[in-house]
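All residue numbers in this chain count up from 1 along the given sequence.
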Amino acid sequence: MTGTPNESSTGSTSPVRAQTKISVNDPKIMVNLLGAKDEILRLIERNLDSDVHVRGNEITITGDPAENATAERLFSELIELIEKGETLSVDAVRRTLRMLEENTSERPAEVLTLNILSRRGRNIRPKTLGQKHYVDAIDKNTIVFGIGPAGTGKTYLAMAKAVQALQAKLINRIILTRPAVEAGERLGFLPGTLTEKIDPYLRPLYDALHDMLDPETIPRLMAAGTIEVAPLAYMRGRTLNDAFIILDEAQNTTPEQMKMFLTRLGFGAKIVVTGDVTQVDLPGGTSSGLKVVREILRNVEDVHFAELSSSDVVRHRLVAEIVDAYARFDEAQEQQAAQSVHAVPGRAASGGRTPGRRR
């Protein structure tokens, strides 16, 4: 790729218009860069302030010099993605645009090609800047809390890092656990064998494992104890050495359960705790251990809290919009409740009587 700026002015009162030309010498790269029926090119045109024109192997960008520089950087990142073997998608372009808008030091092409695991031609990697920071935190810290809404890859990426650590022989086993809140951890009231009672609560963890390992090896690894999937209640009284331990759905732990779990940490072990504090299923009045632990451990060394947001959602585009809509609704409800409390100052809790007044 070569870029050539060519500036021109139309007069003292008109804004300076610059022209930048980018030559793409490989026709396969140009085809990928434009997308099927030029869908990627149209997406780029909608999101750039500069005018973009393509002819043959040359891209011409015309507009304000600063805006042209942004456009040139976008094309540079997208071309590098293609050169690294990526088949460019609309989703990848949107994520690249968002990272450029955030103006961070990390380059989109580096973030979007950071492989954690590869299996049968499929790569597991972070897809957003927030996910990249989360993955980096897991590498650097002994205990990491991944907190964020549904669809941000909290558990999936943690499990990918666990499998990576197992394959690299950094740990001897993987332990995956969840609180079985819906059954109150009193699983005896449910029909079926113990395995049948537990499976519905742990099924998402099994599903993720099948994405990362050959299905035929999973039963063997579980039989050997190399991989263990169990309810949180089964962690009590244990010390877990040389293990990668993941607690999923941690918003549904009580403060006591959270303390119990974290104190299972043994030598050579790593813990990742994931959860969404906006989806607590605990009985009314019960505090979430995930909410409380942020205040308790926030300043403890080697413990990191990774906060993910709707911008890190990697499911359908509507999922991010749903997350934001619920956040706005909850905020409005809280403001309304606060206004209701302040609207009746001086009212006593018992029947609205004012203290010291006789009836």
Side-chain angles (χ1 to χ4, degrees), residues 130 133-135 137-159 161-162 165 171 173-187 197-198 200-205 208 227-309 312 330:
H133 292 162
Y134 173 49
V135 168
I138 293 174
D139 286 334
K140 296 173 184 175
N141 298 275
T142 299
I143 298 177
V144 173
F145 292 83
I147 303 173
T152 51
K154 305 179 298 293
T155 306
Y156 199 79
L157 290 173
M159 291 185 68
K161 292 299 293 182
I171 45 104
R173 55 181 170 158
I174 297 171
I175 298 173
L176 312 171
T177 184
R178 275 182 141 188
V181 164
E182 294 85 351
E185 293 196 359
R186 291 185 291 272
L187 299 171
K197 297 172 195 287
I198 293 170
Y201 305 102
L202 305 177
R203 178 53 49 192
L205 302 179
I227 295 178
E228 179 182 348
V229 185
L232 178 59
Y234 285 32
M235 298 298 109
R236 195 174 297 278
R238 302 172 64 183
T239 300
L240 305 172
N241 296 315
D242 300 312
F244 197 118
I245 314 140
I246 299 173
L247 170 59
D248 189 33
E249 297 289 337
Q251 74 275 8
N252 290 328
T253 62
T254 64
E256 294 77 16
Q257 287 173 323
M258 180 63 76
K259 179 181 178 183
M260 177 275 292
F261 172 74
L262 293 174
T263 53
R264 301 308 94 202
L265 179 69
F267 294 106
K270 185 181 289 283
I271 283 178
V272 178
V273 178
T274 68
D276 177 1
V277 292
T278 69
Q279 295 196 46
V280 177
D281 298 320
L282 293 167
T286 305
S287 297
S288 167
L290 186 59
K291 290 182 178 180
V292 173
V293 77
R294 282 198 286 190
E295 302 305 317
I296 297 173
L297 300 183
R298 186 171 292 279
N299 296 318
V300 175
E301 187 179 354
D302 209 18
V303 176
H304 180 85
F305 288 85
E307 306 279 352
L308 299 165
S309 68
D312 299 303
D330 291 341

### Message
Could you tell me if the side chain of Thr155 sits less than 4.5 Å from the side chain of Leu205, heavy atoms only?
### Response
yes
### Query
Rounded to the nearest 0.5 Å, how far apart are CD1 of Ile143 and CG of Leu247?
11.5 Å
### Summary
Interatomic distance, CZ@Phe244 vs CG@Leu176, rounded to 0.5 Å, equals 9.5 Å
### Task
Could you tell me which residues satisfy salt bridge (Lys or Arg N to Asp or Glu O under 4.0 Å) with Asp139, sequence neighbours excluded, listed by chain and number?
Lys161
### Query
Can you pull the ring-ring contact (aromatic ring centres under 6.0 Å, His included) pairs that have at least one residue in residues 260-289, sequence neighbours excluded?
none
### Query
What do the steps show when you test Leu232 against Gln257 for side-chain contact (heavy atoms from CB on, under 4.5 Å), and what is the final call?
CA-CA 8 Å; Leu232 178 59; Gln257 287 173 323; 4.0 Å; yes
### Task
Compare all side-chain heavy atoms of Lys154 with those of Asp312 and state whether any distance is below 4.5 angstrom.
no
### Query
Who passes side-chain contact (heavy atoms from CB on, under 4.5 Å) against Asp302, sequence neighbours left out?
Asn141, Thr142
### Task
Just jot down the side-chain contact (heavy atoms from CB on, under 4.5 Å) partners of Thr239, sequence neighbours excluded, or say none.
Asn241
### Task
Determine the minimum heavy-atom distance between Ser288 and Ala250, stating which atoms define it.
OG-O, 4.4 Å
### Least distance between heavy atoms, Val280 atom then Gln251 atom
CG1-O, 3.7 Å
### Query
Are Met159 and Ile174 side-chain neighbours, meaning at least one heavy-atom pair lies under 4.5 Å?
no
### Query
Do Val273 and Leu262 have side chains that get closer than 4.5 Å, going by heavy atoms?
yes
### Query
Can you tell me how far CD of Glu256 sits from OG1 of Thr286, rounded to the nearest 0.5 angstrom?
9.5 Å
### Task
Taking the side chain as every heavy atom from C-beta outward, state whether Met258 and Val292 have any pair of such atoms under 4.5 Å apart.
no
### Message
Ignoring hydrogens, what is the shortest heavy-atom contact between Ile245 and Ala269? Give both atom names and the distance.
### Response
CD1-CB, 4.2 Å
### Message
List the residues meeting salt bridge (Lys or Arg N to Asp or Glu O under 4.0 Å) with Asp248, not counting sequence neighbours, and say none if there are none.
### Response
Arg178
### Message
Tell me the closest heavy-atom pair linking Gly153 and Tyr134, and the distance in Å.
### Response
O-CE2, 4.2 Å
### Query
Got a sec, which pairs hit salt bridge (charged side-chain N to carboxylate O under 4.0 Å, His left out) with one end in residues 231-243, sequence neighbours left out?
Glu228-Arg238
### Task
May I ask you to decide if Asn252's main-chain N or O and Asp281's side chain share a donor-acceptor pair within less than 3.5 Å?
no
### Message
Using the side-chain contact (heavy atoms from CB on, under 4.5 Å) criterion, which residues pair with Asp276? Sequence neighbours excluded.
### Response
Pro149, Thr278, Gln279
### Message
If the condition is side-chain hydrogen bond (donor to acceptor under 3.5 Å, both in side chains), which residues does His304 pass it with, not counting sequence neighbours?
### Response
none
### Message
How close do Pro179 and Thr253 get, counting heavy atoms only, and between which atoms?
### Response
CG-CG2, 4.1 Å
#### Entry: Ile175 side chain near Arg264 side chain, heavy-atom distance below 4.5 Å
no
### Task
Could you tell me which residues satisfy side-chain contact (heavy atoms from CB on, under 4.5 Å) with Arg294, sequence neighbours excluded, listed by chain and number?
Ile147, Val277, Arg298, Phe305, Glu307
### Query
Measuring from Leu240:CG to Thr263:OG1, what's the distance to the nearest 0.5 Å?
10.0 Å
### Query
Tell me, do Phe145 and Leu290 make a side-chain contact under 4.5 Å, heavy atoms counted?
yes
